[in-house]
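See structure below.
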Amino acid sequence: MKMWKLLCTLLTLIVVLCLSNVLCHANAQWDLPQGAKARIGKGTANTVRYFSDGNKLAIACSIGVWIYDLRTDTLVDLLIGHTGPVNSLEFSLDETIFVTTSDDNTAWVWDTNSGEHIASFAGHRDDVNEVSFSPDGGIVALASDDFSIGLWDLKTGGRISTLSHHSNNVLTLKYSPNATVIASGSRSSGNTLCFWDSNTGKLIKSFNSEKDNIKNVESIACLPQASIFAVGSLGMVSLWDGNTGEFLNICEVAEGTKQINSVTFSPDGRTLASGGDNNFIMISDVSTGKLINTFQSQGPINSLTYSPDGKTLISVSRTGIIHFWDVATGNINKTLTDFTIQIHSLAYSPDGSTLVSSNMSKICFWNPKTGELQKTISGSKGTVKSLTFSADGNILASVDSESARLWDVETGRSLGSIVGHNGPVTSVVFSNHGNMLASGSKDNTIKVWHISTSKKPLTIELLHTLIGHTENINDVAFSPDGRVLVGASYDKTVRFWDTQTGNSLDKQLNHSIWVHKVTFSLDGNTLISVDWNGLHFWNSHTGEPLYDLGGSRYIISSIAFSPDNNQSIYSNDDTIYFFDLKTGKIDNSLVGHTNAIVNLAYSPDGKTIASSSRDGTILLWDVPNTNHDR
């Protein structure tokens, strides 16, 4: 009997573990865009709101709204639909619905229980930054970058009126509890703080950035029990009477305080929490304005939220980290690090078994089949902007704000830095054969290095310094055979060098504006250069122009050739385009990121495309059927 019970227990454990793995894998694949097969990352958190029972959180982020269960510490749902980052989220007083605002110029209404999207407010001409419900729940006020406040009827979805007096982006707004006043704030220039009669839409009072020294109003909060507004602005947290628009008091702030990005009252209205660019969270006494306590954060604070019982304060930092603070002690009880900021660079290992990405100063190694994080390398200084593998896949080169660095792929150990440029390194690339590495710099030169791994420690030998560009080097690329190196520069040219001799080749591609990307096709016959006007396809041997793709609204940030040389891909804002090299036409596209795509990479087998974005995620796509496949 004991053996039978033990066997049953083991079987139950196996089922639970298997189900857990299935759910975790499914979690990463929730609501994928059409054509995508996996997502790495949760997006960048912007703000957090508690459900009234205190058991769940709604996390507004760059890709949608995550629902987080505090009892199990798990994500239980992802609500998507906005085509831009979700900036703010607010529950109605009865909590039957909530409204999200987005950079896609809209606000959406969601059913709290089902997570169903039930209505939209569309009509603003620019990003919608914040939402506030009227106390009776019938009107939704929206603050927009189009310099206006829109008042919308929740039942009909129609716009009731538009409040226009700000002369810059309206960043924040709040209704008073008695529904008579709306306070709104905007960026620094002209009228930055306004008080409105919410019934008539008339301006009660406004305050000017120059005359009244109220600049960059980023956040407004209102006492739950009275029409007292807290205003977070440049270097100041102030209290105001909403009914009259009269100034009441200034709250004491920590030394060195600059921009205040978030203010929020505790549920009992006795204290006010504020945070901003100085990495401090400040707790003030509302009645006196005195500073009671300060908590040191790991980065600038973008958002603050109290729990319903007032015992916990959640902060969202600019780096995407969410901290849960014990208000009484100032201790951090819990930290969520899944909601990262934009992913800058991306590269597949030569065998396709690993995908690496950079997120600020960290380099992450992923299993591209499972989305599992294999390891993380720390030690870079500032943002890692470029990644490239050696031909054998054993070395990874990276570029950060201080240096170009080499890393052992297996151990993650530092192998040294590229030293010799007289300015910051902007890009690095390994040759496809051998151990040559090229580095471009703001000192207007390109250097070619030989990386020797035959002895320990690794040695870095300078082979050539390539001179010819007259301004910063933006990108460098080897031809597939490694015999030619090209540089793209601010001097509006692409120049060619012989890697064996270091001599300049008698060839130069001229542009009308600075060139920021360049790459060879895998057969070496075609070269793409990218400038602000678009993509330019060239015969790499003769320099003859082949195609131009211009007139793009957004700058093209990444390009890549397919391993079979039939097509190239490029990103323009949040869209991936497929260009058929035989027909000279765009024959497909993929859309799914909610912010600009930063980098693209083909898997070595040509079956998958990885795209990294400012929305803090990597999407893995099946390569769609294109003209040459049919």
Side-chain angles (χ1 to χ4, degrees), residues 46-47 49 58 60 64-65 79-187 191 193-206 217 220-222 227 229 242-243 594:
N46 291 321
T47 192
R49 290 291 181 266
V65 178
L79 311 179
I80 67 165
H82 282 293
T83 56
V86 178
N87 298 318
S88 72
L89 178 151
E90 203 68 47
F91 285 96
S92 60
L93 289 182
D94 61 8
E95 211 174 277
T96 57
I97 61 170
F98 62 88
V99 172
T100 54
T101 67
S102 172
D103 278 1
D104 64 11
N105 304 355
T106 71
W108 282 26
V109 184
W110 306 80
D111 183 285
T112 302
N113 294 319
S114 67
E116 180 185 1
H117 167 228
I118 55 178
S120 300
F121 303 120
H124 283 285
R125 300 184 307 277
D126 210 332
D127 303 351
V128 183
N129 297 312
E130 196 163 61
V131 54
S132 183
F133 278 95
S134 63
D136 64 4
I139 299 174
V140 172
L142 303 177
S144 173
D145 278 353
D146 65 11
F147 299 8
S148 78
I149 297 162
L151 301 184
W152 300 79
D153 188 298
L154 190 59
K155 290 183 178 180
T156 67
R159 193 195 296 241
I160 300 169
S161 62
T162 299
L163 311 182
S164 301
H165 192 67
H166 288 285
S167 47
N168 212 315
N169 303 352
V170 185
L171 304 177
T172 181
L173 82 174
K174 283 292 182 295
Y175 262 100
S176 64
N178 61 6
T180 60
V181 179
I182 296 174
S184 59
S186 72
R187 291 198 193 281
N191 300 306
L193 177 62
C194 293
F195 295 92
W196 310 83
D197 184 313
S198 59
N199 295 316
T200 65
K202 291 183 178 180
L203 186 69
I204 298 171
K205 211 163 191 178
S206 66
V217 177
I220 292 175
C222 189
S227 297
F229 290 92
N243 293 320
T594 57

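The first residue in the sequence is number 1, and the count goes up from there. Just so it is clear, the model here is predicted, and its values are computed rather than measured. Reckoned from all heavy atoms, side chains included, excluding hydrogens, waters and symmetry mates.
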| Rounded distance (nearest 0.5 Å) linking atom CD of Glu130 with atom CD of Glu90 | 7.5 Å
| message | Check whether Ser132 reaches the backbone of Ala141 with its side chain - one donor and one acceptor, N or O, closer than 3.5 Å. | response | no
| task | State, without any angle test, whether Thr101 and Ser88 hold a side-chain donor-acceptor pair at a distance under 3.5 Å. | result | yes
| Shortest non-hydrogen contact between Ser148 and Ser164, atoms and distance | CB-OG, 4.0 Å
| task | Rounded to the nearest 0.5 Å, what's the gap from CG on Leu79 to NE2 on His117? Could you check? | result | 11.0 Å
| field | Residue pair Tyr175 / Asp136, side-chain heavy-atom distance below 4.5 Å | value | no
| What distance do His124 atom NE2 and Arg159 atom CZ have between them, rounded to the nearest 0.5 Å? | 4.5 Å
| request: Answer yes or no: is there a side-chain heavy-atom contact under 4.5 Å between Cys194 and Ser184? | output: yes
| query | Which residue, Trp108, Trp110, Phe98, forms the side-chain contact (heavy atoms from CB on, under 4.5 Å) with Leu89? | reply | Phe98
| task | Would you confirm whether Ser144, through its side chain, and Asp146, through its main-chain N or O, come within 3.5 Å as a donor-acceptor pair? | result | yes
| Heavy-atom check, side chain of Asp127 versus side chain of Asn169, under 4.5 Å | no
| Quick one: are Asp153 and Lys155 in side-chain contact, heavy atoms under 4.5 Å? | yes
| field | Asn46 side chain to Val86 backbone, donor-acceptor under 3.5 Å | value | yes
| Leu171 side, atom CG; Asp145 side, atom CG - distance, nearest 0.5 Å | 6.5 Å
| remark: Between the CG atom in Asp197 and the CG atom in Leu163, the distance rounded to the nearest 0.5 Å is 10.0 Å
| said: Within this structure, what is the CD1-CG distance for the pair Ile139 and Asn199, rounded to the nearest 0.5 Å? | reply: 8.0 Å
| said: Go through it in stages, so that I can follow the logic: the residues are Trp196 and Leu173, the test is side-chain contact (heavy atoms from CB on, under 4.5 Å), and I'd like the CA-CA distance, side-chain angles, deciding distance and then a yes or no. | reply: CA-CA 10 Å; Trp196 310 83; Leu173 82 174; over 6 Å; no
